[in-house]
Number of protein chains: 2
Amino acid sequence: MNNLGYAILSALGRKPCSGYELVQYLEALWPAKHSQIYPQLTKMEQKGLLVFEHIEQTGKPDKKICSITEKGKETLEKWVMESPSDPIMRDELLIKVNSIWLSDQESAKKIIQDRISNLEQQIVDREDIIAEMECKHRFDTMSKHFGRYLLFNRRNMLEKEEISWCKWALNFIEKVNINKLLLGMIGVGKGSILVEDMILFII
Amino acid sequence: MNNLGYAILSALGRKPCSGYELVQYLEALWPAKHSQIYPQLTKMEQKGLLVFEHIEQTGKPDKKICSITEKGKETLEKWVMESPSDPIMRDELLIKVNSIWLSDQESAKKIIQDRISNLEQQIVDREDIIAEMECKHRFDTMSKHFGRYLLFNRRNMLEKEEISWCKWALNFIEKVNINKLLLGMIGVGKGSILVEDMILFII
DNA sequence: GGATTCATGTAAGATGTTACATGATTGT
DNA sequence: ACAATCATGTAACATCTTACATGAATCC
């Protein structure tokens with residue numbers, strides 16, 4: 001079984017739900033498009049890890065509610081104990097920042113500023129969800145939602161720290177440019193003072 | 001062109017290098033195995049984005065040094081200005097944390113403690129590299145290494161914050177368990193006081 | 001009237017991983 | 001002796017994305 005499969009089992013452990021709902025739930029866990037979810041669910045049903053229940057709806061398309069089976073629960077339980085492999089992050093911004101030397105100051109600053117805006121929006125949205133969790137899930141039902149609660153707080157902490165980095169980087173970029181302009185030293189020799197300046201600035 | 005291609009161009013913009021070296025360089029930017037790099041380089045050479053230079057070596061296998069072309073530079077420059085798409089993070093740990101309710105306290109704590117160890121190791125390693133960068137790249141050569149310098153600091157900031165979350169989560173897990181044990185309330189009713197306790201603890 | 005939400009599925013293509021293949025040098 | 005580093009490549013497979021396909025209800 002693959003990670004998507006375990007993520008689905010983890011989601012269904014909380015409560016049974018449709019493939020459509022899974023797409024949303026998994027966004028914070030292991031993002032996947034519906035075109036990946038539905039075939040995966042079929043495979044998992046064939047393996048006996050989950051069962052389908054067909055629900056007819058009026059005014060809406062019919063849906064298939066998936067529930068985790070005993071076998072599914074056992075499979076997940078066994079996997080959870082194994083140590084996880086290294087995380088992988090793919091972010092175009094990193095490539096763009098790495099290429100910063102060939103773009104002008106303003107363009108460089110703009111991509112970072114846009115990132116700050118995106119992060120800020122995501123944080124306010126997530127803070128609403130966290131508040132809702134704290135309000136809605138009392139202790140008796142909290143247990144199954146506890147992990148998700150930890151994860152939402154994790155994301156917020158990391159995104160706030162990313163904003164801190166963005167601001168630090170913006171200041172740094174500005175500092176470098178001001179130095180370049182003031183001393184008229186684009187690529188000229190005695191710049192070693194500048195680097196010390198920059199390093200002082202970091203500390 | 002795909003993101004891997006732009007990452008390669010970004011790497012080659014700094015200095016020409018072999019496919020083998022690219023694998024290491026790209027780890028912090030857009031990780032890829034050599035089996036993906038070599039065919040990608042061939043495609044990019046055919047498109048005129050880079051050129052190969054065959055270097056014969058004694059005692060070591062021969063290598064092919066790739067250099068970015070004017071067309072490659074222009075392609076990268078154009079792409080850098082476009083706004084990046086959303087980052088994607090895939091981390092098995094998240095699925096395991098989400099499934100925390102079905103593993104025992106000790107196993108749950110262990111996976112988080114292991115993560116802390118990994119992060120701490122990565123941070124000390126990266127701090128060495130950062131120190132080396134600050135030392136080696138004086139102002140005249142800094143420009144092309146500037147983006148990478150920003151990125152290494154970014155990673156360190158984020159990983160330090162992840163450690164903070166891990167420690168917060170460990171405390172939280174312990175707190176929940178102590179409450180469960182003390183009050184003997186596994187799944188029993190009047191737990192609402194506990195949740196308040198937990199929320200107080202977060203604040 | 002047009003976009004979004006709900007709801008499921010398939011097909012084609014792009015991207016990424018694991019395994020197979022070779023072979024000398026250097027460090028433990 | 002054995003593992004790791006340097007160095008490049010292919011093949012098979014797994015994973016993920018984009019596009020095609022349908023269709024009613026609700027919101028702006």
Side-chain angles (χ1 to χ4, degrees), chain A residues 1-8 11-12 16-27 29-47 50-66 84-92 94-95 125, chain B residues 1-9 11-12 16-27 29-47 50-66 84-92 94-95:
Chain A
M1 264 262 296
N2 58 24
N3 290 328
L4 176 60
Y6 293 114
I8 290 172
L12 296 180
C17 65
S18 66
Y20 187 86
E21 284 175 279
L22 278 173
V23 177
Q24 281 126 62
Y25 186 86
L26 293 180
E27 230 167 278
L29 207 66
W30 192 272
K33 318 272 174 185
H34 75 271
S35 55
Q36 210 185 347
I37 301 274
Y38 292 117
Q40 181 78 32
L41 288 174
T42 309
K43 274 185 235 160
M44 289 169 74
E45 196 234 359
Q46 281 158 10
K47 285 184 190 164
L50 52 86
V51 285
F52 290 132
E53 193 198 352
H54 196 86
I55 307 279
E56 278 175 56
Q57 295 186 128
T58 47
K60 279 182 189 181
D62 294 355
K63 54 174 162 177
K64 276 161 73 180
I65 298 293
C66 315
S85 54
D86 289 335
I88 297 161
M89 331 229 145
R90 294 193 188 272
D91 190 348
E92 286 183 22
L94 304 192
I95 310 173
D125 292 351
Chain B
M1 263 263 296
N2 57 23
N3 290 329
L4 176 60
Y6 292 114
I8 290 172
L9 291 179
L12 296 180
C17 64
S18 66
Y20 187 85
E21 284 175 278
L22 278 173
V23 176
Q24 282 125 64
Y25 186 86
L26 292 180
E27 229 167 277
L29 207 66
W30 192 273
K33 318 273 175 186
H34 75 272
S35 55
Q36 210 184 349
I37 301 274
Y38 292 118
Q40 181 78 34
L41 288 174
T42 308
K43 272 184 237 159
M44 289 168 76
E45 196 235 358
Q46 281 158 10
K47 284 183 189 163
L50 52 87
V51 285
F52 291 132
E53 192 199 352
H54 196 85
I55 307 280
E56 278 174 58
Q57 294 185 127
T58 48
K60 280 182 188 179
D62 294 355
K63 54 173 164 178
K64 277 162 73 181
I65 299 292
C66 316
S85 54
D86 289 334
I88 297 160
M89 330 228 145
R90 297 198 183 267
D91 190 348
E92 287 184 20
L94 304 192
I95 310 174

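In what follows, chains carry the letters A, B, and so on, assigned in the order in which the sequence lines appear, proteins first and then strands, with residues in each chain numbered from 1.
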| field | Protein-nucleotide distance (A:His34, atom NE2; D:dC16, atom P), rounded to Å | value | 16 Å
| Any side-chain N or O of A:Arg90 under 4.0 Å from OP1/OP2 of C:dG16? | yes
| note | From NZ of A:Lys43 across to P of C:dG9 the rounded distance in Å is 14 Å
| Among C:dC6, C:dT10, D:dA7, the one nearest A:Tyr20 by side-chain distance | C:dC6
| task | Report the distance from atom CD of B:Glu27 to atom P of C:dG16, rounded to the nearest whole Å. | result | 15 Å
| said: Rounding to an integer number of Å, can you tell me how far A:Asn3 CG sits from C:dT17 P? | reply: 12 Å
| Does A:Leu41 or B:Ala32 map to a spot on DNA chain C nearer the 5' end, using the closest nucleotide for each? | A:Leu41
| Closest heavy-atom contact between A:Ser18 and A:Ile65? | N-CD1, 4.0 Å
| message | Is the phosphate of D:dC16 approached by A:Trp30 (side-chain N or O, under 4.0 Å from OP1 or OP2)? | response | yes
| query | Quick one: on DNA chain D, does B:Gln24 or B:Gln36 contact a more 5' nucleotide (nearest heavy atom)? | reply | B:Gln24
| query | Which nucleotide in the list D:dT8, D:dT18, D:dC16 gets nearest to the side chain of B:Lys64? | reply | D:dT8
| request: Check whether the side chain of A:Ser35 and the base of D:dT18 form a donor-acceptor pair under 3.5 Å. | output: yes
| query | So which nucleotide from C:dT10, C:dG16, C:dT17 ends up closest to the side chain of A:Ile88? | reply | C:dT17
| Side chain of B:Asn2 - closest among C:dT8, C:dC6, C:dT15 | C:dT15
| task | Between B:Lys33 and B:Met1, name the one whose nearest nucleotide on DNA chain C is closer to the 5' end. | result | B:Met1
All N/O donor-acceptor pairs, side-chain side in residues 29-40 of chain A, below 3.5 Å, sequence neighbours left out:
unit_1	atom_1	unit_2	atom_2	d
A:Tyr38	OH	A:Tyr20	N	3.4
A:Gln40	OE1	A:Asn2	ND2	3.4
A:Gln40	NE2	A:Asn2	OD1	3.2

| field | Interatomic distance, A:Leu41 atom CG to A:Ile8 atom CD1 [nearest 0.5 angstrom] | value | 4.5 Å
| task | Take the protein atom CD of A:Glu21 and the nucleotide atom C1' of C:dT8, then report the distance between them rounded to whole Å. | result | 14 Å
| task | Nearest 0.5 Å please: distance from the CG atom of B:Leu50 over to the NZ atom of B:Lys64. | result | 9.5 Å
| field | Rounded interatomic separation in angstrom, taking CD1 from B:Ile65 and P from D:dC6 | value | 13 Å
| said: Rounded to whole Å, please give me the gap between CD in B:Gln40 and C1' in D:dT10. | reply: 16 Å
| query | Whole-Å distance between C:dG16 C1' and B:Leu4 CG? | reply | 10 Å
| message | Measuring from atom CZ of A:Phe52 to atom NZ of A:Lys63, what distance do you get when rounded to the nearest 0.5 angstrom? | response | 14.5 Å
| Nearest to the side chain of B:Lys63 - C:dT10, D:dA7, C:dG16? | D:dA7
| message | Counting only side-chain heavy atoms from C-beta out, which of C:dT10, C:dT8, C:dG16 sits nearest to A:Pro39? | response | C:dT10
